[in-house]
Number of protein chains: 2
Amino acid sequence: MSTEHRFVDGYLLYLLARASSVASAEFHDQVRASGVSVAVWRVLASLKGTDGLTIGELTSSCLANQPAISKTVDKLVGQQLLTRTTDPDDRRRVWVELTPQGEARADELIARAQKHQDRLIAAIGLEEIDTLRTALTRLIDRAPAKK
Amino acid sequence: MSTEHRFVDGYLLYLLARASSVASAEFHDQVRASGVSVAVWRVLASLKGTDGLTIGELTSSCLANQPAISKTVDKLVGQQLLTRTTDPDDRRRVWVELTPQGEARADELIARAQKHQDRLIAAIGLEEIDTLRTALTRLIDRAPAKK
DNA sequence: GTTCAAAATATTCCTTTTCATATAATAATG
DNA sequence: CATTATTATATGAAAAGGAATATTTTGAAC
């Protein structure tokens, strides 16, 4: 680099993407090292604590697109980590749930995530983290609804 | 959804990813509608305002991995938006620069990005945006260095 | 200066994502 | 209720992305 007065360096969307990327990099490496992709981690984590989500809810929760989720769910059903059930009241919809094995896998990963977050809080400071959490939550809530 | 007490809903890395995703969605749609991928937009935007970046610098700036950048640069060189030059002093390194056409393309997109950001600031409030910018910048600076 | 290690980029192969569209079910309209 | 529109998910071909490794060049150690 040389002249240094780049638009991107002050651009909010770039800061957001960069912050997300650098803050997640270390944990995502751990996730992959434990044998699951980030996409799979997101599916498992999204389902944990629910009675099941539809494909559409998973799509939104995982920040992915619908075909990608359908295929990831396919794979995880094949690995007996998830089940798929057609909704009897609306047979277009499909409910996805964790199997006991899926729960176990999710629990392991969430425990790691929790530890990682604890270290992050220790390093950055709880107060600042909370400021950030608040600001991010507001941004999320006020962002233009999709589609 | 039903029981609702999900780990992910309070998880900082998830809030970051989600905030980045929802805040960027609208603009990224515009970018794609104008015929370039988000990956290409990042390369063009990263180069604008520099005298050229190496593949490695682009990799880091674009939040991508090295092979992906090599391939994207290949494509853009083919479209005459970029040039590639081997560094004479260190022939392992490759400098990537915008051509005049590439500059023009970057300028258009940056103008849109700027307008989009202005609307975002108008909607959210400058004060809150600045709080966020500060917190994100600190997070980025304090995150564990990669590799 | 040879040899060995490290760094920067390219390449290969394989998985995943994406785009567009298809299919199926429900809702809305006349 | 028959028709049309809308919603939810699946599928298939094409593009992109990622992991591992190869290649080339530089730097270090002796």
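Throughout, a chain's letter reflects where its sequence line sits, starting with A, and its residues are numbered from 1.
When DNA chain C is scanned 5' to 3' for any atom under 4.0 Å from a heavy atom of chain B, the first and last hits are dA7(C) to dC19(C).
Across the interface with DNA chain C, nearest-nucleotide mapping of Ala64(A) and Arg92(B) shows Arg92(B) to be the residue nearer the 5′ end. If you find the closest nucleotide of DNA chain D to Asp90(A) and to Lys71(A), the one lying nearer the 5' end belongs to Asp90(A). Ranked by how close their nearest DNA chain C nucleotide is to the 5' end, Gln66(B) and Arg91(A) are led by Gln66(B).
Every residue meeting the side chain to side chain contact (heavy atoms under 4.5 Å, CB included) condition with Ser34(A), not counting sequence neighbours, appears here in chain and number order: Val36(A), Arg105(A), Leu109(A), Arg112(A). For Arg91(A), the side chain to side chain contact (heavy atoms under 4.5 Å, CB included) test picks out Thr86(A), with sequence neighbours left out.
Applying the salt bridge (Lys or Arg N to Asp or Glu O under 4.0 Å) rule to pairs touching residues 61-76 of chain A yields Asp74(A)-Arg84(A), sequence neighbours excluded.
Remark: Arg84(A) in residues 74-88 of chain A come within less than 4.0 Å of DNA chain D through at least one heavy atom. Of the residues in residues 32-46 of chain B, Arg32(B) come within less than 4.0 Å of DNA chain C through at least one heavy atom, sorted by number.
One N or O on the side chain of Tyr14(B) and one on the backbone of Ser61(A) form a donor-acceptor pair closer than 3.5 Å.
Using a 3.5 Å distance cut-off with no hydrogens or angles, the side chains of Gln30(B) and His116(B) do not pair a donor with an acceptor.
Between Arg93(B) and Asp90(B), at least one side-chain N (NZ, or NE/NH1/NH2) sits under 4.0 Å from a carboxylate O, which counts as a salt bridge.
Proximity of Glu128(A) to Leu132(A): side-chain heavy atoms (C-beta onward) are nowhere separated by under 4.5 Å.
OP1 or OP2 of dT9(D) has not a single side-chain nitrogen or oxygen of Ser70(A) nearer than 4.0 Å.
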